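Here's the structure we're looking at; comments come further down.
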Amino acid sequence: MNEFVYNGQASRVVFGVGSLGYLEREIELLSARRALVLSTPEQKAQAQMVADRLGSKAAGVFPKAAMHVPIETAREARDEARRLGADCAVAIGGGSTTGLGKAIAMESGLPILAIPTTYAGSEMTPIYGITEDGLKKTGKDLRVLPRTVIYDPELSVGLPVGLSITSGMNAIAHAAEGLYAQDGNPIMSLMAEEGIRALARALPAIRRRSDDIDARSDALYGAWLCGTVLGNVGMALHHKLCHTLGGSFGLPHAEVHTVVLPQAIRFNADAVPEAMERIERGLGTEGGISAAAGLFDLARMNGAPVSLRDIGMKASDLDRATEIAVSKPYWNPREVDVRARAAIRQLLQDAFEGTRPP
Ligand SMILES: NC(=O)C1=CN([C@@H]2O[C@H](COP(=O)(O)OP(=O)(O)OC[C@H]3O[C@@H](n4cnc5c(N)ncnc54)[C@H](O)[C@@H]3O)[C@@H](O)[C@H]2O)C=CC1
Ligand SMILES: O=C(O)/C=C\C(=O)CC(=O)O
């Protein structure tokens, strides 16, 4: 076994159907007295339900979280937390709401309790993102890692099937890239393979019956594992492409991950055969279908988009996307620099057309 460094990150996870019932206890364990409850406008009712449950321990509800954390929203939420005398924030929702919690924690040091209702995995990472003047800035800071995470599968039952599948693919992407990260380690590889296995089992079951609580539990368990991998090791080409396509061309986050993942995995496959074996074992396609094709099939067979064209990309933007992706690349096992321009352009063309990898 190669040498490695493993940094455990301190967060407390409470998992299980009905675990929202432990919310008050968990707030007390944070030594907090008044929580500001955060959500998107679409999940305001869920946030209000959480606030009602907390009674006098709720400072208020701030239902204005938005994708990619606009700086104006972050400032307004910070002011509101201060005005209401909140000493912790409860973020109920997906990566956008957790991201807003992180923006508050960055400045104020307020502890965040996250209640994830998608599979994006942000609750397990110290990665933050804030958008100012149309530019998204991301970074890592341990202050933003939620102190407590409550995973209650009942709260994710309302996540529409389409978003459940693409969000699950977003989680799988964290695990897949964690398997070949420069700073990867055997513990994260175990989690990554198991995370892919749980989601590959859960997504078809959710497609069949969106209120299948066992499948919703499996999916959240997978999201937890995959998010932990993202939080502990570096991202590579796939995430760079998604951040380019999402940040500079406005494509929707989970969908873009779903479309790009099979193509990015195909690009890297020859450089990292062990990672491919683990992905195939997780998907249950070992010995038959390649990791890249298995990921493509998982998305397509569950009704998710597989082409950039179908999620709003313009063919005329592919050249510019290639330039951005190769100009400041993340570390990747197969080198990505200006000499790889033609191969990256072809990758994006395949993603644009939705070509099934061999
Ligand atoms: N910092 C990190 O480690 C990570 C950050 N992200 C960030 O998170 C954002 C994307 O997060 P997502 O979770 O994909 O989407 P999201 O948080 O934007 O949610 C998408 C929509 O689904 C709704 N929704 C969520 N859960 C629901 C439920 N159970 N029932 C009904 N509706 C529900 C939301 O209210 C929203 O309208 C991006 O900005 C991305 O950059 C994503 C992954 C990791
Ligand atoms: O692309 C992802 O799913 C992972 C990380 C981010 O989205 C980073 C962020 O913008 O918060």
Side-chain angles (χ1 to χ4, degrees), residues 9 11 20 38-47 49 63-70 73-74 91-103 105-106 112 114-131 135-141 144-146 149 151-178 206 210-211 216 219-220 223-224 226-247 250-258 260-261 264 330:
Q9 288 171 359
S11 76
L20 184 65
L38 311 173
S39 75
T40 60
E42 295 80 20
Q43 288 179 277
K44 186 176 174 184
Q46 253 181 340
M49 177 272 289
K64 298 186 189 174
M67 184 81 87
H68 303 314
V69 194
T73 316
I92 177 159
S96 299
T97 305
T98 308
L100 178 60
K102 288 176 169 184
M106 266 285 271
I112 305 302
I115 309 176
T117 62
T118 72
Y119 310 128
S122 174
E123 66 282 357
M124 297 310 295
T125 84
I127 303 169
Y128 63 85
I130 295 193
T131 304
L135 269 184
K136 183 162 177 178
K137 202 173 74 186
T138 55
K140 271 191 177 184
D141 191 319
V144 310
L145 181 72
V149 181
Y151 284 108
D152 185 339
E154 273 177 353
L155 300 172
S156 63
V157 165
L159 186 65
V161 169
L163 190 47
S164 301
I165 306 300
T166 54
S167 188
M169 295 300 295
N170 183 193
I172 289 177
H174 305 331
E177 290 230 300
I206 290 173
S210 68
D211 64 349
R216 290 289 182 185
L220 271 187
W224 167 17
C226 296
T228 303
V229 174
L230 176 69
N232 279 272
V233 299
M235 300 178 260
L237 173 68
H238 165 77
H239 281 79
K240 172 68 187 184
L241 290 172
C242 292
H243 295 166
T244 301
L245 295 168
L251 299 190
H253 181 83
E255 285 90 336
V256 84
H257 271 275
T258 305
V260 171
L261 185 62
Y330 297 172

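All figures in this text were calculated on a predicted structure; none of them were measured in a lab. In each ligand, atom 1 is the first atom listed, and ligand 1 is the first ligand listed. Sequence positions, counted from 1, serve as the residue numbers for this chain.
Closest non-hydrogen pair, I112 versus A105, comes out as CG1-CB, 3.8 Å. Heavy-atom minimum distance, A120 versus S167: N-OG, 3.5 Å. Nearest heavy atom pair, residue A91 against residue T98, reads CB-CA, 4.1 Å. Residues T118 and G95 approach most closely at OG1-N, 3.9 Å, considering heavy atoms. Closest heavy-atom contact between I92 and A47: CG2-CA, 3.9 Å.
Residues satisfying the side chain to side chain contact (heavy atoms under 4.5 Å, CB included) criterion with H243, sequence neighbours excluded, are M235, H239, Y330.
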Quick one: ligand 2 N/O to protein N/O pairs below 3.5 Å?
residue: ligand 2; atom: 1 (O); partner: H243; partner atom: NE2; Å: 2.7
residue: ligand 2; atom: 1 (O); partner: H257; partner atom: NE2; Å: 2.9
residue: ligand 2; atom: 3 (O); partner: N170; partner atom: ND2; Å: 3.1
residue: ligand 2; atom: 3 (O); partner: H253; partner atom: NE2; Å: 3.0
residue: ligand 2; atom: 3 (O); partner: H257; partner atom: NE2; Å: 3.2
residue: ligand 2; atom: 10 (O); partner: K136; partner atom: NZ; Å: 2.5

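In terms of polar-atom proximity, defined here as any N/O pair under 3.5 Å, N170 makes no such contact with ligand 1. For ligand 1, the polar-atom distance check finds no N/O of Y128 at less than 3.5 Å from any of the ligand's N/O atoms. Annotation: T40 places an N or O atom under 3.5 Å from an N or O atom of ligand 1; distance criterion only. Among the atoms of G121, none of the N or O lies under 3.5 angstrom from an N or O of ligand 1. Considering backbone and side-chain N/O of G95, one or more are found under 3.5 Å from N/O of ligand 1.
Looking at E42, H174, Q43, Q46, it is Q43 that brings a heavy atom closest to atom 32 (N) of ligand 1. Residue nearest to atom 6 (N) of ligand 1, selected from K140, H253, H257: H253 (by heavy-atom distance). Looking at G227, P252, A120 and measuring to atom 44 (C) of ligand 1, the nearest heavy atom belongs to A120. Considering R216, M67, K44 only, the shortest heavy-atom separation from atom 10 (C) of ligand 1 involves M67.
The closest side-chain heavy-atom distance from I165 to T258 is not below 4.5 Å. Looking at heavy atoms from C-beta onward, P41 lies out of side-chain contact with P63 at the 4.5 angstrom threshold. Within the 4.5 Å cutoff, no side-chain heavy atoms of L20 are placed close to those of Q46. Contact of the M124 side chain with the Q9 side chain is not registered, since no non-hydrogen atoms from C-beta on lie closer than 4.5 Å. Considering only heavy atoms from C-beta on, R216 comes within 4.5 Å of S164 through its side chain. For the pair K102 and S122, the minimum side-chain heavy-atom distance is below 4.5 Å.
Between the side chains of Q43 and T117, at least one donor-acceptor pair of N or O atoms lies under 3.5 Å.
Both the backbone and the side chain of L159 come within contact range of ligand 1, each with a heavy atom under 4.0 Å. Using a 4.0 Å cut-off between heavy atoms, K136 contacts ligand 1 through its side chain alone, with no backbone atom that close. Under 4.0 Å from ligand 1, the heavy atoms of L163 that appear belong solely to its side chain. At a heavy-atom cutoff of 4.0 Å, ligand 1 is contacted by the side chain of L230 but not by its backbone.
For ligand 1 and S122, the ligand atoms under 4.0 Å from any heavy atom of the residue are 1 (N), 2 (C), 3 (O), 4 (C), 5 (C), 44 (C). Less than 4.0 angstrom separates some heavy atom of G94 from each of these atoms of ligand 1: 13 (O), 17 (O). Close contacts between ligand 1 and H68 involve ligand atoms 38 (C), 39 (O), 41 (O) [criterion: under 4.0 Å to a heavy atom]. Which parts of ligand 1 touch K102 is read off a 4.0 Å heavy-atom cut-off, strictly below it: atoms 1 (N), 2 (C), 3 (O). The distance from ligand 1 to the heavy atoms of T125 drops below 4.0 Å at these ligand atoms: 1 (N), 2 (C), 3 (O). For ligand 1, the atoms sitting less than 4.0 Å from at least one non-hydrogen atom of T118 are 13 (O), 25 (C), 26 (N), numbered in the order shown with element in parentheses. Less than 4.0 angstrom separates some heavy atom of L155 from each of these atoms of ligand 1: 29 (N).
In this structure, the protein non-hydrogen atom closest to atom 18 (O) of ligand 1 is S96 OG, 2.5 Å. Shortest contact from atom 26 (N) of ligand 1 to any protein heavy atom: T117 OG1, 2.7 Å. Shortest contact from atom 31 (C) of ligand 1 to any protein heavy atom: G158 O, 3.4 Å. Scanning all protein heavy atoms for the shortest distance to atom 1 (N) of ligand 1 gives I127 O, 2.9 Å.
Ring geometry, Y151 versus W224: the interplanar angle falls under 30°, so the pair is classed parallel (tilted spans 30 to 60°).
Residue-ligand proximity: S156 is placed with a non-hydrogen atom under 4.0 Å from ligand 1.
Without hydrogens or angle criteria, T73 side chain to A65 main chain gives no donor-acceptor distance under 3.5 Å. Side chain of T125 to backbone of G121: no donor-acceptor contact under 3.5 angstrom is found.
Heavy-atom neighbours of K64 NZ from other residues, nucleotides or ligands within 6.0 Å: at or below the threshold of 12. More than 12 heavy-atom neighbours from other residues, nucleotides or ligands sit within 6.0 angstrom of NZ on K140.
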